[in-house]
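Quick notes on the structure that follows.
All figures in this text were calculated on a predicted structure; none of them were measured in a lab.
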Amino acid sequence: QVQLVESGGGLVQDGGSLRLSCVASGRAISSYIMGWFRQAPGKEREFVAAISWSGGTTYYADSVKGRFTISRDNAKNTVSLQMNSLKPEDTAVYYCATTLRMGSRDPNDYTYWGQGTQVTVSS
């Protein structure tokens with residue numbers, strides 16, 4: 001099994017930046033495509049970004065392209081999400097997750113999930 005723990009969330013002002021980290025244990029994340037999702041209260045879970053096994057291919061939701069960057073460090077068993085130019089609509093709980101299906105934006109295709117970290121962006 002894989003355990004995932006997210007960190008780095010917090011409260012920032014409109015236009016600010018945060019860097020989220022996800023640390024895995026139990027198995028090397030090199031076995032998986034890694035993704036980030038987010039979920040705001042009362043809304044469905046939304047795909048944010050994903051990265052291939054060695055980081056050569058990335059996918060982003062249109063809403064975050066040009067502002068967010070996903071990266072991974074397989075030696076440290078971590079995946080990160082650098083978030084710049086944050087907007088109030090980015091406010092959500094952010095989750096990291098694993099999948100074996102490259103290109104998937106469907107949370108149902110992701111197998112292991114962290115507990116999430118709260119990101120709040122004020123106006």
Return the [atom1] to [atom2] distance between [X] and [Y], rounded to the nearest 0.5 Å.
{"X": "Thr78", "Y": "Leu4", "atom1": "OG1", "atom2": "CG", "value": "11.5 Å"}
{"X": "Thr91", "Y": "Leu11", "atom1": "OG1", "atom2": "CG", "value": "8.5 Å"}
{"X": "Ser123", "Y": "Glu89", "atom1": "OG", "atom2": "CD", "value": "9.0 Å"}
{"X": "Ser63", "Y": "Glu46", "atom1": "OG", "atom2": "CD", "value": "5.0 Å"}
{"X": "Asp109", "Y": "Arg101", "atom1": "CG", "atom2": "CZ", "value": "4.5 Å"}
{"X": "Asp14", "Y": "Ser122", "atom1": "CG", "atom2": "OG", "value": "7.5 Å"}

Could you see if [X] belongs to whatever hydrophobic cluster contains [Y]? Use Ile, Leu, Val, Met, Phe, Trp, Tyr and a side-chain cutoff under 4.5 Å.
{"X": "Tyr59", "Y": "Val48", "result": "no"}
{"X": "Val93", "Y": "Val79", "result": "no"}
{"X": "Leu81", "Y": "Val12", "result": "yes"}
{"X": "Ile33", "Y": "Leu20", "result": "no"}

All side chain to side chain donor-acceptor pair (under 3.5 Å) counterparts of Arg67, not counting sequence neighbours:
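With sequence neighbours excluded, Arg67 shows a side chain to side chain donor-acceptor pair (under 3.5 Å) to Asp90, given in chain and number order.
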What residues form a side chain to side chain donor-acceptor pair (under 3.5 Å) with Asn84, not counting sequence neighbours?
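Partners of Asn84 under the side chain to side chain donor-acceptor pair (under 3.5 Å) test: Ser17, Gln82.
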Heavy-atom pair of closest approach, residues Ser71 and Ile51:
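Result for this residue pair: CA-CD1, 3.7 Å.
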If I compare all heavy atoms of Val121 with all of Lys87, which pair ends up nearest, and what's the gap?
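Closest pair (atom of Val121, atom of Lys87, distance): CB-O, 3.3 Å.
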For Phe47, what residues pass the ring pair (Phe, Tyr, Trp, His ring centres under 6.0 Å) criterion, not counting sequence neighbours?
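If we apply the ring pair (Phe, Tyr, Trp, His ring centres under 6.0 Å) test to Phe47, skipping adjacent residues, the hits are Phe37.
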Ring pair (Phe, Tyr, Trp, His ring centres under 6.0 Å) partners for Tyr95, two or more places apart
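Result, ring pair (Phe, Tyr, Trp, His ring centres under 6.0 Å) vs Tyr95: none returned.
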Test of understanding: with salt bridge (Lys or Arg N to Asp or Glu O under 4.0 Å), list the residues that count as partners of [X], not counting sequence neighbours.
{"X": "Lys43", "result": "none"}
{"X": "Asp73", "result": "none"}
{"X": "Arg19", "result": "none"}

Tell me, do [X] and [Y] make a side-chain contact under 4.5 Å, heavy atoms counted?
{"X": "Trp113", "Y": "Arg45", "answer": "yes"}
{"X": "Tyr94", "Y": "Met83", "answer": "yes"}
{"X": "Met34", "Y": "Asn74", "answer": "no"}

Nonpolar side-chain network containing Val23, other nodes, edges under 4.5 Å:
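Besides Val23, the hydrophobic cluster comprises nothing; the residue is isolated.
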Could you list who else is in Val5's hydrophobic cluster, with ILVMFWY side chains joined at under 4.5 Å, directly or through other members?
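Besides Val5, the cluster holds no residue at all.
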Just checking Gln115: does its CD atom have more than 12 heavy atoms from other residues, nucleotides or ligands closer to it than 6.0 angstrom?
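For Gln115, atom CD is not crowded (no more than 12 foreign heavy atoms under 6.0 Å).
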Check whether more than 12 heavy atoms from other residues, nucleotides or ligands sit under 6.0 Å from atom CD of Gln1, and answer yes or no.
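12 or below, so no.
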Check: Arg105 side chain, Tyr60 main-chain N or O, donor-acceptor pair, under 3.5 Å
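Yes: the side chain of Arg105 pairs with the backbone of Tyr60.
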Any donor-acceptor pair under 3.5 Å from Thr117 side chain to Gly9 backbone:
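A pair under 3.5 Å: yes.
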May I ask you to establish whether Arg72 and Trp53 are in a cation-pi arrangement, using a distance under 6.0 Å from NZ or CZ to the six-membered ring centre and at most 45° from the ring axis?
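Cation-pi check for Arg72 and Trp53: fails.
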For Tyr110, the option from Thr99, Thr98, Leu100 that meets side chain to side chain contact (heavy atoms under 4.5 Å, CB included):
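Running side chain to side chain contact (heavy atoms under 4.5 Å, CB included) over Thr99, Thr98, Leu100 with Tyr110 returns exactly one hit, Thr99.
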According to the side chain to side chain donor-acceptor pair (under 3.5 Å) rule, which pairs have a member within residues 20-36, sequence neighbours left out?
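Every side chain to side chain donor-acceptor pair (under 3.5 Å) pair that includes a residue of residues 20-36, provided the two are not neighbours, is Gln3-Ser25, Arg27-Tyr32.
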Pairs in or reaching into residues 48-88: which pass disulfide (SG to SG under 2.5 Å), with residues at least two apart or in two chains?
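Found none.
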Which disulfide (SG to SG under 2.5 Å) pairs, counting each pair once, include a residue from residues 15-100, with sequence neighbours left out?
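Those involving residues 15-100 are Cys22-Cys96.
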